[in-house]
Amino acid sequence: MGVRGLQGFVRSSCPLVCMVVNFKELAEHHRSRHPGGTPTVVVDAMCCLRYWYTPESWVCGGQWREYFSSLREFVKTFTAVGIKLVFFFDGMVEQSKRDEWVKRRLKNNREIAKIFHYIKSHREQPGRNMFFIPSGLAIFTQFALKALGQETLCSLQEADYEVASYGLQNNCLGILGEDTDYLIYDTCPYFSISELSLDSLDTVMLCREKLCQSLGLSLSDLPLLACLLGNDIIPEGMFESFRYKCLSSYTSVKENFDKKGNIILAVADHISKVLRLHQGEKKLEEMLPLGPNKALFNKGVASYLLPGQKSPWFFQKPKGVVTLDKQVLSMSSDPKSKQEVPVCTHPESKQEVPMCTDSESKQEVPLCTHPESKQEVPMYTDPESKQEVAMCTHPESKQEVPMCTHPESKQEVPVCTDPESKQEVPMYTDPEPKQEVPLCTHPESRQEVLLCTHPESKQKLPVGTDPEFNLEAPLYTNPETKQEDPVNMGSEVKQQITMVSDPEILKVARAHHVQAESYLVYNVMNSGEVECSNSLEDAMDQALPSQAFVYRPVRQRVYSLLLGDGEGGASACPTVKEWFVYSGNPLRQPDLVRPLQMSIPGGAPSLKLLWLSQEAGLQAQRLDTLLACFDLSYSREELQVVESPFQALCCLLIYLFVQVDTLCLEDLHAFIAQALCLEGKTTMELADLQLDHVDPRAVQLGTLLVRGLTTLVLVNSACGFPWKTSDFMPWNLFDGKLFHQKYLQSEKGYTAEALVEQHRSRLTRFHALKSVVCKACMKENRPIVSRRHWRSHHSGRRGQQGSSAHRTSSGYSRSGQGQHWRDQGPGSRQYDPDQWRRY
């Protein structure tokens, strides 16, 4: 994460950059400087997950009660000294960082393979040096912090940018995280989470000002340095030869520094002694070997510029400014302002024209009179035609834009620069609202397309082509998204194209997303692209499918609900791009997943009804929709009699056992027994549990259940929250070690009485919950039998690839909807590493 090599360089070679500080003292100093203000630390939560997860056991699916206690202690410690915490989580992966995301996921796959190899060889959990965070940790940490009363936010772009912006704009005490990008942003101080001692509240502050002193740079040079070294946007290899060239000409190589340290010193030296000589005179591409990577490099530098900030490394001189060569002949008095203004002689007309000073270049430019407004406007020389063109001020951006003559009307119209082609395109006036609208460049074809009016929203939309049906369809523009300056905001000048047309519904989804109350819903509706990171899954176990496939039919029905909005059915919905990690997936491109029609009498309700209506009895309709997403409408009566929070657990277990028919009665006993016993366990008792050994199959079953709980978060939020979120939080339903213990006991043939620890009331509830799951599965002709019985009738089945060992078809359902996974069309991959995980 962050800038390549900078973390090690700062720790080993720049000790002055790292300063030990105390949060309690910093808070007191902050209060003395800002009376009445609350010292606030903004926390990059994704950087802190490893620090927060203190339980000894991590491989069995997560020690959620212990983890919740760890978070509570963390919050309590800061609150005790009067420090407010604001937590930020990653809400999406930016396209410019997708390659880096994929690279890390593939690396994680190799780490997970080593973990399972170790478990199979040693029958125990690996050491902390192989630690891998439990599946779903980030998602459930959001809800844990909210349950603890903390302000918790989910980002709409890369979280580190929003963290740095929040820290700067809210005068925060500092940023707590572990990402060297925070040394590059010009924002509030940056503190290391890995160096934090919770007992004393001591930590290390990494001082960017001292880093600049050590390198001979200014703060505004740091984004340039970061991109030349490589970061999450700029691949490390892009400037490798350039860095070695800097090193070869560097005359102050330090023998006590390693090679990476000397490279950083050499690049910084080149910036300060060579590049800075031509700063403001030459463009970056004239000083650096950018080649075809100019746009990416500029984006990388701009990604560090917070709102209101500018970089001196971006060439600020306007294109084609008329060079006057100091030909100012006299001073003329402006009759309106009564002020003297300089004039110059126009080189062609030989007439004197008044001049003004350009705000950007600080150079004087001539003025001309606009034929309609009669106002004087500055003139610039077009670099292509070498002709002078008048400039006008855009009414919204307040920026000056050149004008051109419309070929038909012969009138002068303003032009704008297309962000993709970098070519100037005319702005046309729509005859109805009298508003100027540009020609829109289609992102795929790069061709200009006309704008159409959507019949319902009355919005001007570019006409796009649906790749599935080759039909023209409008692309919806998100009214919430503002156009951002590519230099100041680090974003492309594009209006966000969304997957839904209703701005009210999109606004509600956005609010739930930002407040960390939902999961994936806004991503689906906004961009139609979602991702799920690695899970602890054994790629060599052919009998258990990846969670990505087990829960895909549920996600497909949710996509239909979110994108269809009750009209036209799933066939009218666009496909969703899924970046889900599973064995055999090289992640070169996303899976294109079709929404799947839900089986609800009368059709799926609209999102406005589910999300906004307060009608009586609507909660029952929300629950019906949730069950339909799992295709469990037939189990409604059985589930109604189940008490909370076991209703959600039974829903999940019924779905799992119908989908994956290699699950057996012993597995069901273990799932139910651990949930019932969890209620009576203290955190200390759970921490003290000791296992005979670790079983790789139980590890993956724990992961499968926890990923099911994250899927419940998605479905519940999409359906308007029919269930309380606490009903399916893992600290109320699941403990990894406890499940593992019950799994091992069940495998040994323990009775139900022994599994529930001889507790009579638990035994009664155990049989009741078991009956609900078994009856629901029998309705689907899915008997749940003992492993001993299963082995006698399916000898060798777990190791064979030819059997239908689970029903993870993309769209499998009892009513015959959808296709079997072997018959998938669009989205299927050409490779087929193993058919259990084939899309």
- Message: Using the rule side-chain contact (heavy atoms from CB on, under 4.5 Å), only one of V93, V530, V102 pairs with W579; which is it?
- Response: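 The option that passes is V102.
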Side chains of [X] and [Y], donor plus acceptor under 3.5 Å:
| X | Y | result |
| --- | --- | --- |
| E124 | Y118 | yes |
| E178 | S194 | yes |
| T40 | T38 | no |
| D160 | Y182 | no |

- Determine which pairs satisfy side chain to side chain donor-acceptor pair (under 3.5 Å) with at least one residue from residues 25-35, sequence neighbours left out, and list them in order.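 Qualifying pairs, neighbours excluded: H34-N171.
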Salt bridge check: are [X] and [Y] linked by an N-O gap of less than 4.0 Å?
| X | Y | answer |
| --- | --- | --- |
| R11 | E195 | yes |
| R4 | D232 | yes |
| K97 | D90 | no |

- Message: Please confirm whether the ring centroid of Y67 lies under 6.0 Å from the ring centroid of W731.
- Response: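 Not under 6.0 Å, so no.
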- Task: Would you list the pairs meeting ring pair (Phe, Tyr, Trp, His ring centres under 6.0 Å) in which at least one residue belongs to residues 136-155, sequence neighbours left out?
- Result: W64-F140
- Message: Taking the six-membered ring of W101 as reference, does the cationic atom of R105 (NZ for Lys, CZ for Arg) lie under 6.0 Å from its centre and within 45° of its axis?
- Response: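 Output yes; distance and angle both within limits.
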- Please say whether the positively charged group of R65, taken as NZ for Lys or CZ for Arg, lies over the ring of F68, i.e. under 6.0 angstrom from the six-membered ring centre and within 45 degrees of the axis.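 The answer is no, since R65 fails at least one limit relative to F68.
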If you compare all heavy atoms of [X] against all heavy atoms of [Y], which two are closest, and at what distance to 0.1 Å?
| X | Y | result |
| --- | --- | --- |
| I83 | F23 | CD1-O, 3.7 Å |
| R243 | L229 | NH1-O, 3.5 Å |
| P307 | Y161 | CD-OH, 3.3 Å |

- Message: I'd like to know whether N170 forms a side chain to side chain contact (heavy atoms under 4.5 Å, CB included) with V42, so could you lay out the CA-CA distance, the side-chain angles of the two residues, the decisive distance to 0.1 Å, and finally the verdict.
- Response: CA-CA 10 Å; N170 293 277; V42 56; over 6 Å; no
Kindly indicate whether the side chain of [X], heavy atoms from C-beta on, has any atom under 4.5 Å from the side chain of [Y].
| X | Y | answer |
| --- | --- | --- |
| E529 | N523 | no |
| L222 | Y304 | no |
| Y250 | H270 | no |

- Using the six-membered ring wherever Trp is involved, compare the ring planes of F297 and F239 and label them parallel, tilted or perpendicular (cut-offs 30° and 60°). perpendicular
- Message: Once you measure the plane-to-plane angle for F74 and F87, does it fall in the parallel (<30°), tilted (30-60°) or perpendicular (>60°) bin?
- Response: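 Tilted.
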- Item | Nearest-0.5 Å distance, CD1 of residue I175 to OG of residue S192 | 13.0 Å
Quick one: does any side-chain atom of [X] pair with a main-chain N or O of [Y] as donor and acceptor, under 3.5 Å?
| X | Y | answer |
| --- | --- | --- |
| D221 | S218 | yes |
| S535 | E537 | no |
| S155 | G91 | yes |

